Amino acid sequence: MTTTVVKRLPAENGVSGWVAISKRTFPVRSLEGNINADWLIIGAGFAGLSAARRLTQVRPGDKIVVLDAREVAINTAGRNSGFMIDVPHNLSSGEYASNSADATKVEMAQNRFAIGFAADIAEEFSMSAETFNRSGKINAAATERGMKLNRSFGQSLKSNGEPHRFLDAAEMRELTGTSYYQGGLFTPGAVTIQPADYIRGLASGLASKVDIFENSPVTALKHEDGNWTALSHRGSVTAPKVILGVNGHVEDFGHFTRRLMHIFAYASMTAPFPADDHGRRVSGQNRWALLPADAMGATIRKFTSEGQSRIAIRTKYTYETTITASASRMEKMANAHRRSFDARFPGLQQLPFEYSWSGRLCLSLNHVPAFGEIEEGLYSACCENGLGTVKSTLAGVMAVDLATGNNSPELARFMDNPLPSKLPPEPFAWLGINSVIRYQELRAGREG
Ligand SMILES: Cc1cc2nc3c(=O)[nH]c(=O)nc-3n(C[C@H](O)[C@H](O)[C@H](O)COP(=O)(O)OP(=O)(O)OC[C@H]3O[C@@H](n4cnc5c(N)ncnc54)[C@H](O)[C@@H]3O)c2cc1C
């Protein structure tokens, strides 16, 4: 028998605006007592719930249990900017594409597979256009460097036959109400989600076929006689097969140690403001979604519902060895959001931020997932390299295909990766990674 004690449990900084404005429609159930299942999934984010969904499709009738340490959407799955991106987007290189043309084609096919999987979920579980929107996205450029990056991204899209359209400064102004941007590059394949609504909608849609227990952290994992037993505060689940959808927390389960970078991303959301003539004059149309032309810049979305608009901004990253960021770091980041926001929307400088928060991403130095059967019957669908709305969705599906022996072409491609590379020891990793991030953010300049 082996027992692994889970080293650290999830914790969060701040309340995500997406969660705060999302309405939860189903009861919270926590694990009480000891139960058996055919499948245990640990983590109810994009990876874990996508794995659960896939299992309901390929193993109908099996007993599937999902455990999460927190309520659904409270952790990173409900803290992101909601861009499901099909075309390349590579955070760890600080650029959008770090791969060869062939690898980029594979990546786009994988991203589209994941978006298609999510689209089926959105349709079957009757998600609204506010929750799942085939909006496309714009890479917005505020500097000459950003314009150059967009031109070169446009070239690579063109040579791959990918549809795209450039927007000039006047079109950007018409859309966003600000003259901050010199231009933009629109690609139609991206989807924008309200992340908390999507994850909650997925959990509630699965609830008739899957037992989802929240506030039920897995504190230890035992392996005995071909079965895994996950221990929680008030109960346990025993199953022959377990899928870990815990992202960077896989390291706390004793796997991929010193191979994963825990990067914090920071975001803020404004208070609501009326979608009237003034609102439109200072911030443009009712709904738009911008990624930065320089990957290290700011992601900004405006959305409007029932006559009220809000703007959400995400900018700045740090690498941390702790589970949460310090209060002073959070304050510094909220101030940085304010500066970025005010520079773009001078007509909204009096508008307060209602929510500021952070969340933890998992990146590997060589941009690969922490994926596979890591012990007999134990599967990892972790380390999303920053784009987990699609990549963790895909990883969850692929983990089920691997665990059920469905040797699809998608799985063969997904398995064709080395292990995440080793990181240097601390404090060198902390110093080195934060220096690279800082350099890339300085280089991004007004894009951030
Ligand atoms: C500010 C911000 C903006 C972002 N913007 C985007 C974006 O626009 N597009 C995009 O694609 N991605 C974005 N991301 C990243 C995205 O949110 C993540 O990639 C995604 O949430 C990863 O999904 P996941 O299922 O792998 O992991 P998570 O969503 O982190 O889910 C893992 C789950 O495991 C649970 N867990 C961990 N340990 C345990 C345990 N011991 N027991 C039980 N449960 C446990 C956690 O509580 C959590 O719910 C952003 C992230 C942040 C913070």
Side-chain angles (χ1 to χ4, degrees), residues 4-14 16-18 31 40-51 66-85 89 91 111 114-115 118 137 190-193 195-196 198-199 202-203 213-221 230-233 237 243-253 262-269 289 291 299-301 312-317 323 325 333 337 356-363 369-370 380-396 399:
T4 305
V5 174
V6 177
K7 281 197 220 103
R8 300 188 300 184
L9 296 176
E12 303 82 31
N13 281 111
S16 154
W18 301 109
L31 181 67
L40 168 63
I41 297 166
I42 306 178
F46 290 90
L49 292 181
S50 302
V66 179
L67 295 180
D68 201 289
R70 308 287 285 126
E71 275 181 31
V72 165
I74 293 294
N75 207 257
T76 314
R79 302 186 152 247
N80 59 73
S81 306
F83 285 87
M84 296 191 113
I85 299 167
H89 181 95
L91 273 184
N111 291 350
I115 291 174
K137 52 105 178 152
V191 166
T192 41
I193 56 173
Y198 174 85
I199 283 292
L202 173 52
F213 297 112
E214 303 167 78
N215 296 324
S216 305
V218 174
T219 52
L221 204 48
L231 305 177
S232 188
H233 295 325
V237 181
I243 295 173
L244 292 173
V246 293
N247 208 16
H249 281 285
V250 69
E251 213 177 321
D252 298 316
F253 283 77
H262 306 293
I263 304 291
F264 281 55
Y266 301 84
S268 293
M269 186 183 281
L291 284 167
T299 299
I300 310 195
R301 284 178 64 177
I313 179 164
R314 190 233 25 88
T315 184
K316 300 283 178 200
Y317 296 106
I323 290 281
M333 295 304 170
H337 295 161
S356 289
W357 68 94
S358 75
R360 227 164 150 244
L361 314 176
C362 176
L363 269 55
S380 171
C382 299
C383 194
E384 89 293 17
N385 284 289
L387 195 65
T389 62
V390 286
K391 296 207 185 290
S392 296
T393 297
L394 182 67

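Both ligands and their constituent atoms are indexed starting at 1 by order of listing. In this text the structure is predicted, and so the values were computed from the model without any measurement.
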**Contact check: Arg70 vs ligand 1, nitrogen or oxygen atoms, below 3.5 angstrom** = no
**Request:** List the closest protein heavy-atom neighbour of atom 34 (O) of ligand 1: residue, atom name, distance to the nearest 0.1 Å.
**Result:** Gly43 CA, 3.3 Å
**Asked** Do Ser216 and ligand 1 have an N or O pair less than 3.5 Å apart?
**Response** no
**Request:** Using atom types as modelled and distance alone, determine if a side-chain donor or acceptor of Arg79 lies under 3.5 Å from a backbone N or O of Gly14.
**Result:** yes
**Prompt:** Could an N or O of ligand 1 be found under 3.5 Å from any N or O of Ile42, whether backbone or side chain?
**Reply:** no
**Item:** Contact check: Val218 vs ligand 1, nitrogen or oxygen atoms, below 3.5 angstrom
**Value:** yes
**Item:** Under-4.0 Å heavy-atom contact with ligand 1, by part of Ile74 that carries it
**Value:** neither
**Asked** Out of curiosity, Asn80 CG to Leu361 CG, how far, rounded to the nearest 0.5 Å?
**Response** 9.0 Å
**Request:** Distance to 0.1 Å, residue and atom name: give those for the protein heavy atom nearest to atom 24 (P) of ligand 1.
**Result:** Ser392 OG, 3.5 Å
**Asked** Between the candidates Val6, Ile41, Ile263, Asn80, which shows the shortest non-hydrogen contact distance to atom 6 (C) of ligand 1?
**Response** Asn80
**Prompt:** Quick one: does ligand 1 sit under 4.0 Å from the side chain of Leu9, the backbone, both or neither, non-hydrogen atoms only?
**Reply:** side chain
**atom 44 (N) of ligand 1 - nearest protein heavy atom and its distance** = Ala69 N, 3.0 Å
**Request:** Please write down residue, atom name and distance for the protein heavy atom closest to atom 31 (O) of ligand 1.
**Result:** Gly45 CA, 3.6 Å
**Request:** Record the part of Leu361 in heavy-atom contact with ligand 1 below 4.0 Å; permitted values are side chain, backbone, both and neither.
**Result:** side chain
**Request:** List the closest protein heavy-atom neighbour of atom 11 (O) of ligand 1: residue, atom name, distance to the nearest 0.1 Å.
**Result:** Thr389 OG1, 2.7 Å
**Message:** Just to check, does Phe253 reach to within less than 4.0 Å of ligand 1 when the distance is taken from its heavy atoms?
**Reply:** yes
**Request:** Check whether any N or O atom of Glu384, backbone or side chain, sits under 3.5 Å from an N or O atom of ligand 1, and answer yes or no.
**Result:** yes
**Prompt:** Between Ala77 and ligand 1, which residue portion shows a heavy-atom distance shorter than 4.0 Å: side chain, backbone, both, or neither?
**Reply:** both
**Prompt:** If you measure every N/O of Gly388 against every N/O of ligand 1, is any gap under 3.5 Å?
**Reply:** yes
**Prompt:** Is there at least one pair of N or O atoms, one from Ser81 and one from ligand 1, spaced under 3.5 Å apart?
**Reply:** yes
